[in-house]
Structure formats: C-alpha cells, structure tokens
Amino acid sequence: MKRRVVVTGLGAVTPIGNTVEEFWKGIKEGKVGIGPITKFDASDYKVQIAAEVKDFVAKERMDFKAAKRMELFSQYAVAAAKEAFEDAGIDMEKENPYRAGVIVGSGIGSLQTVETNYMKIVEKGPSRVNPLMVPLMISNMAAGNVSIQLGLKGKCTNVVTACASGTNCIGDALRAIQYGDADIMVAGGTESCICPTGVAGFTGLTALSASKDPMCASIPFDKDRDGFVLGEGAGIVVLEELEHAKARGAKIYAELVGYGSTGDAYHITSPEENGEGAGMAMKLAMQEAGVQPEQIDYINAHGTSTHHNDLFETRAIKFALGDAAKDVVINSTKSMIGHLLGAAGGVEFIVCVKSITDGFIHQTMGTKETDEECDLNYAVGAPVEKEVNYVLTNSLGFGGHNATLLLKKYEG
C-alpha cells in the first residue's frame, strides 16, 4: 500500500517576488518580471532581455559565512527551502533527521563559476583558480546546502533532467514518502544562469526570443511566439506523509496523488511531434491517481513560447485528455516569469497549489492571438476564478524528458 502524501510548506524566489506571498501577489496582479539584462553587458548580444530575480540579498535569508560558499543557484535554493520549512512549521528537534530528506535539482549549476575561473586560468594561470570552484559549480550542491542548512540527514539527491528537473525532483520525493523511505521531503528546483555563456548558448540554439519588448517576448501559444525568455529563481516545497502531518497538526495545502515520467527517445532538443511522450506522462499521473480526464480542472503547461514546444504540448494534452481537452483551463506561468529551466517545475507546482487553495487560475500574459493549431483554452485575456479540485502540471526537458504531477484538493 502506497502512503498518502500532502504538501505542507511552500518557498519561492522568483522574478516577480522573493517569497511565496510576494510571488503569488504578483501572479494575481498579472505582473511580468521580464526586463533588460543587468547582470552583464548584453549590448553586443542578439538577446538583451531576461527574467532576473530582483533585490535578493543572501545574508538576509541565511548565514552570511555559509552564503559566501554558495553560488546564486544554491543561495536561491536555501532561501526558498528555509521559507518552505518555516511555512511547514517543522521542528527538527522533534523529528528523526534520517526520516527527512532533500531532492532539489538544477539543470545547469553555476556557469558563472566556470566563466570566472576559466578567465583566471587564461590570464593568471591554473594556480589562481578558486579552491572552492568545484563545490561552487556542481549542480548537486543546491541539495547538499539545503540539507546542511536544515539538518536533514535522510535521502539527499538531485535529479538533473534539464527543464524537467524540478518536477522530477518533486516526483521522486513523492515516491520516497509513498514507499517508506522518508516521512518528510524538501523538494523542487533552482537555477541561475543569466550570464554570458548561458545567454549565448541558448541564443545559438535559436531557443530564445529576440523580442526587445518585455511584454511581447514570452507569449506561449501565440501565433507570433519566437522563443523563450531566460529566467532564474527557485521553487521548493515540503512534502509529508499524511498521518505524520496530521499527528503534528500541520496545515495541509493539497494532496499530491499522481506522477508520470517518460522519455521521448526522439530528439535532443525537440519534443516528440505527435506529443505522445508528454501525453503518456499525463496519462500515467492520472492513472496513478485514479482520475479521469473529465475531472481535470486546470493544466499548468510547460508552455515555453517556442514554436515546437507549444504546438507539440497542445497535441500531448489532446492525446492525454481526448475530448475533455477542450474543456480544461490551461495556462503558462512562463508568460510572467520566463523560463526558470531546472527551477520551472518547482515554481509552477507552487502556482498549482495556490490555484487550488484560492480558486484562481492566472491568465497567460502577453498572449493575444493563439496559433491555428494551438486551439485549446489557454486563459488568454483574463484570469479564471473557479473551484479547482484536480490539477496537472507539465515539465519537458531537452533530451526528451517528460514529467507530470497531479495535485488534488485535500479532503481529509
């Protein structure tokens, strides 16, 4: 028998707010966190806009000495994890630390560390490299730092599946609790690679929008979409075994009831054209939850604003839901905060939880006229206020990684 798993804590650092409260307020107001790149001089770059985190001061969110030994992606993860843990009200003095774990992923880790230290090698020689270069750079250090900061000694891993990382991390954390490896898991994703290498690399792939207008750059499902906007931040949640949460009187936001994960086996950057891989991930999540397509109220789409993703994800939704696809409300949070890569799934999971608790589905900002084949209900023009009982959230990653989570309103 699989154990039931609930969400008891939320933490976020995003381009429109550095706490969940600020972030969700921005979502409800339709705030767009995209603007000119300030982290480096992008005047010679074809792409000059991104969705940067603003006014984040690490020493205000964690121990100053510890923060100095972390790059931004780890700092964002620790800040969001601390918020989620405090939100959950967990007292580790009353818990077995080996029953509490961490699965926090980053698609890339720190390109900034690579850039800085490569220039030191070229200009001053290899002996001048930062002794902490490797632990600053490698992507698993977000999970490691969260574990250290919170005193969690259970399973501590990171899933790296490009833009599906955050969703796969939460899915694997679900499994850890369902099958008895842990009672508490801190899970999600984090990313910060708005730097010369990151922007140049994604531009070279022709993956980024070349728009100079922040309000018309990330426009998922729109006929004029031309690529995604690079974002950064972290989305971390606390998952807990239901009886454990009830025994300590925790507030319960929602129940996590389904997880599907597949591989396209098709192409290194493009999703499968017929959408079957991503569609099967959705089907598997619904199958685990015992939920029919007609019961799904809302889908938080991967919705990157690239031509291929939005078209093929639309096909995937039709494959998974059949005739019910036309009745479900779909949106893309990336229209407001850009694409947070490995952090996207964690932040979008929080949006799904808040949509359940508040009965509010945000509009897909910036999108005006949808593509002819993108013919579903993408919440264009206005948010939707309705009771939300069942939600799917999708993440698709380079390499053909597909991940879907299914949340439901908690009913006791």
Side-chain angles (χ1 to χ4, degrees), residues 9-14 18-20 53 56-88 90-92 95 97-117 130-161 165-166 168-170 172-173 176 182 184-195 198 232-239 340-347 349-350:
L10 308 174
V13 174
T14 80
N18 295 339
T19 65
V20 170
V53 166
F56 178 84
V57 182
K59 65 182 180 181
E60 294 176 359
R61 305 288 293 269
M62 66 200 75
D63 176 70
F64 177 67
K65 187 179 289 187
K68 284 173 61 176
R69 292 170 174 257
M70 299 179 210
E71 272 284 20
L72 266 178
F73 80 101
S74 284
Q75 292 178 353
Y76 291 163
V78 168
K82 280 174 152 307
E83 182 189 9
F85 216 62
E86 289 168 12
D87 184 38
I90 294 170
D91 180 356
M92 283 308 295
E95 302 290 343
Y98 292 98
R99 299 290 299 166
V102 181
I103 307 181
V104 172
S106 173
I108 295 175
S110 179
L111 287 175
Q112 294 92 328
T113 296
V114 178
E115 288 176 344
T116 302
N117 284 280
N130 186 338
L132 293 176
M133 174 185 162
V134 172
L136 285 168
M137 172 184 70
I138 52 181
S139 66
N140 67 294
M141 291 307 277
N145 278 306
V146 169
S147 169
I148 291 165
Q149 292 296 308
L150 297 179
L152 311 181
K153 296 185 177 182
K155 175 179 286 192
C156 182
T157 64
N158 76 314
V159 179
V160 181
T161 47
S165 298
N168 279 133
C169 285
I170 294 171
D172 282 10
I184 299 166
M185 291 297 295
V186 175
T190 187
E191 204 80 80
S192 178
C193 60
I194 301 173
C195 60
E232 62 173 350
I236 310 289
V237 299
V238 175
L239 302 183
L340 274 60
L341 307 181
V347 173
F349 184 90
I350 291 169

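Everything numeric in this text was worked out from a predicted model, so none of it was measured. Residues: numbered from 1 along the sequence shown.
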As an exercise, state the distance from [atom1] of [X] to [atom2] of [Y], rounded to the nearest 0.5 Å.
{"X": "I148", "Y": "D63", "atom1": "CD1", "atom2": "CG", "result": "12.0 Å"}
{"X": "L132", "Y": "R69", "atom1": "CG", "atom2": "CZ", "result": "5.5 Å"}
{"X": "K65", "Y": "M70", "atom1": "NZ", "atom2": "CE", "result": "13.0 Å"}
{"X": "L340", "Y": "S106", "atom1": "CG", "atom2": "OG", "result": "10.5 Å"}
{"X": "E83", "Y": "R61", "atom1": "CD", "atom2": "CZ", "result": "6.0 Å"}
{"X": "T113", "Y": "L72", "atom1": "OG1", "atom2": "CG", "result": "9.5 Å"}

Heavy-atom pair with the smallest gap, counting every atom of [X] and [Y]:
{"X": "E191", "Y": "I108", "answer": "OE2-N, 3.1 Å"}
{"X": "I170", "Y": "L239", "answer": "O-CD1, 3.7 Å"}
{"X": "C169", "Y": "A187", "answer": "O-CB, 4.0 Å"}
{"X": "S147", "Y": "C156", "answer": "CB-SG, 3.8 Å"}
{"X": "V160", "Y": "S139", "answer": "CG2-OG, 3.6 Å"}
{"X": "M92", "Y": "G151", "answer": "CE-O, 3.8 Å"}

Student check: side-chain heavy atoms of I236 and V146 closer than 4.5 Å: no

Min side-chain heavy-atom separation S110-L136 under 4.5 Å: no

Partners passing ring pair (Phe, Tyr, Trp, His ring centres under 6.0 Å) against Y76 (at least two apart in sequence or in another chain): F56

With sequence neighbours excluded, what pairs up with [X] under the side-chain contact (heavy atoms from CB on, under 4.5 Å) test?
{"X": "E60", "result": "V57"}
{"X": "A142", "result": "F73, S74, A77, V104, T190"}
{"X": "A88", "result": "T8, I90, V238, R248"}

For S165, all residues meeting side-chain hydrogen bond (donor to acceptor under 3.5 Å, both in side chains), sequence neighbours excluded: none

For K82, all residues meeting side-chain hydrogen bond (donor to acceptor under 3.5 Å, both in side chains), sequence neighbours excluded: none

Donor-acceptor pair between T157 and D172 side chains, under 3.5 angstrom: no

Criterion side chain to side chain contact (heavy atoms under 4.5 Å, CB included) on V20 and D87, from CA distance to verdict: CA-CA 10 Å; V20 170; D87 184 38; over 6 Å; no

Any donor-acceptor pair under 3.5 Å from Q112 side chain to S192 backbone: yes

